[in-house]
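Shown next, in structure tokens, is the structure this report addresses.
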Amino acid sequence: DAGVIQSPRHEVTEMGQEVTLRCKPISGHNSLFWYRQTMMRGLELLIYFNNNVPIDDSGMPEDRFSAKMPNASFSTLKIQPSEPRDSAVYFCASIWTGGEETGELFFGEGSRLTVL
Amino acid sequence: AQSVAQPEDQVNVAEGNPLTVKCTYSVSGNPYLFWYVQYPNRGLQFLLKYITGDNLVKGSYGFEAEFNKSQTSFHLKKPSALVSDSALYFCAVTSNYQLIWGAGTKLIIKP
């Protein structure tokens, strides 16, 4: 398996522009997570999907952030408009969850976002 | 509140020496416990997990972790450190079907 695939790996944009990050989870996994990592705040969970349905989006910073999962093999995280404080590495992770959550997540390589 | 603590921001160890990276947690019930490793400019990789049974869990790259229920700890260990073990290590604990993450510990192995 190719693992969790994220694109783009690097994105540099100007404040006010729209940013779309993409994720392809591992085939067969039914749960998908978006995380943000910064030096100041560490690893933060933004949103969690199960069977393509958003279950917990309490970590989404504000209305500028939105996430979708139109099918089991694709998810997007959109920031509109972007701000310099959104600069971070954004990770997508997936897992198959059955009767119990085991927590063995598989992470993508991340998308490093720089907002100027 | 549910939490995971990694009390050391950084741990320095000489190559060949044993290493320990500490993790304590405050979570109700009987959570699952995990260690992940992150190499520079990479995503997090699963190292090992404890669900139940033997308190000493063996994982990837020669790492092991010891679960101590009374101390609510899950310290990561390796008998002999390699320079290539230098990375960022995260402890995580399940709570309500989600993971609670520690802040991470930077492990530096010096030749």
Side-chain angles (χ1 to χ4, degrees), chain A residues 2-7 9-10 21 23-26 29-51 53-59 88-114, chain B residues 1-10 21 23 25 27-53 57-60 63 65 67 74 76 87-107:
Chain A
V4 177
I5 300 173
Q6 291 187 244
S7 64
R9 289 295 312 276
H10 302 275
L21 307 178
C23 175
K24 177 178 168 53
I26 290 175
H29 284 187
N30 61 351
S31 293
L32 182 141
F33 301 76
W34 281 101
Y35 285 91
R36 179 172 67 178
Q37 185 178 34
T38 61
M39 290 292 291
M40 291 296 295
R41 295 186 297 272
L43 198 61
E44 303 172 279
L45 176 64
L46 300 177
I47 188 168
Y48 156 48
F49 291 87
N50 181 253
N51 293 322
V53 175
I55 303 300
D56 182 359
D57 65 355
S58 59
V89 181
Y90 291 81
F91 287 104
C92 176
S94 71
I95 186 175
W96 183 84
T97 55
E100 284 192 36
E101 170 69 65
T102 67
E104 189 173 337
L105 288 174
F106 290 82
F107 282 79
E109 294 296 295
S111 294
R112 181 176 296 274
L113 173 64
T114 302
Chain B
Q2 320 271 43
S3 64
V4 174
Q6 293 182 241
E8 302 151 318
D9 291 337
Q10 183 169 308
V21 183
C23 173
Y25 62 93
V27 173
S28 58
N30 295 307
Y32 298 169
L33 306 163
F34 303 84
W35 278 100
Y36 285 78
V37 60
Q38 184 180 27
Y39 298 103
N41 301 312
R42 303 294 299 277
L44 281 72
Q45 298 177 33
F46 170 78
L47 267 183
L48 51 80
K49 67 182 176 186
Y50 173 84
I51 298 177
T52 187
V57 179
K58 294 189 184 297
S60 306
F63 283 93
F67 170 64
F74 190 54
L76 182 69
L88 187 58
Y89 290 81
F90 289 92
C91 180
V93 176
T94 54
S95 176
N96 296 326
Y97 298 99
Q98 292 194 22
L99 279 173
I100 300 174
W101 295 88
T105 298
K106 186 175 184 179
L107 177 63

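Proteins get letters first, then strands, A, B, ... in listed order; numbering begins at 1 in each.
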Taking side chain to side chain donor-acceptor pair (under 3.5 Å) as the definition, give me every residue that meets it alongside Gln45(B), ordered by chain and number, with sequence neighbours left out. Tyr61(B)

CD1/Ile100(B) to CG/Leu43(A) distance, rounded to the nearest 0.5 angstrom? 13.0 Å

Salt bridge (Lys or Arg N to Asp or Glu O under 4.0 Å) filter on Arg42(B), not counting sequence neighbours, yields Glu109(A)

Between CH2 of Trp101(B) and CD of Gln37(A), what distance do you get to the nearest 0.5 Å? 10.0 Å

Under 4.5 Å to a heavy atom of chain B? For Arg41(A) that would be neither

For Phe106(A), is it the side chain, the backbone, both or neither that has a heavy atom under 4.5 Å from a heavy atom of chain B? neither

Heavy-atom proximity to chain B below 4.5 Å, by part of Leu45(A): side chain

CG of Leu99(B) to CD of Glu104(A): how many Å apart, nearest 0.5 Å? 10.5 Å

Does Phe34(B) form a side-chain contact (heavy atoms from CB on, under 4.5 Å) with Leu105(A)? I'd like the steps, not just the answer. CA-CA 10 Å; Phe34(B) 303 84; Leu105(A) 288 174; over 6 Å; no

What closest approach, in Å, do Arg9(A) and Asn41(B) show between heavy atoms, and which atom pair accounts for it? NH2-O, 3.5 Å

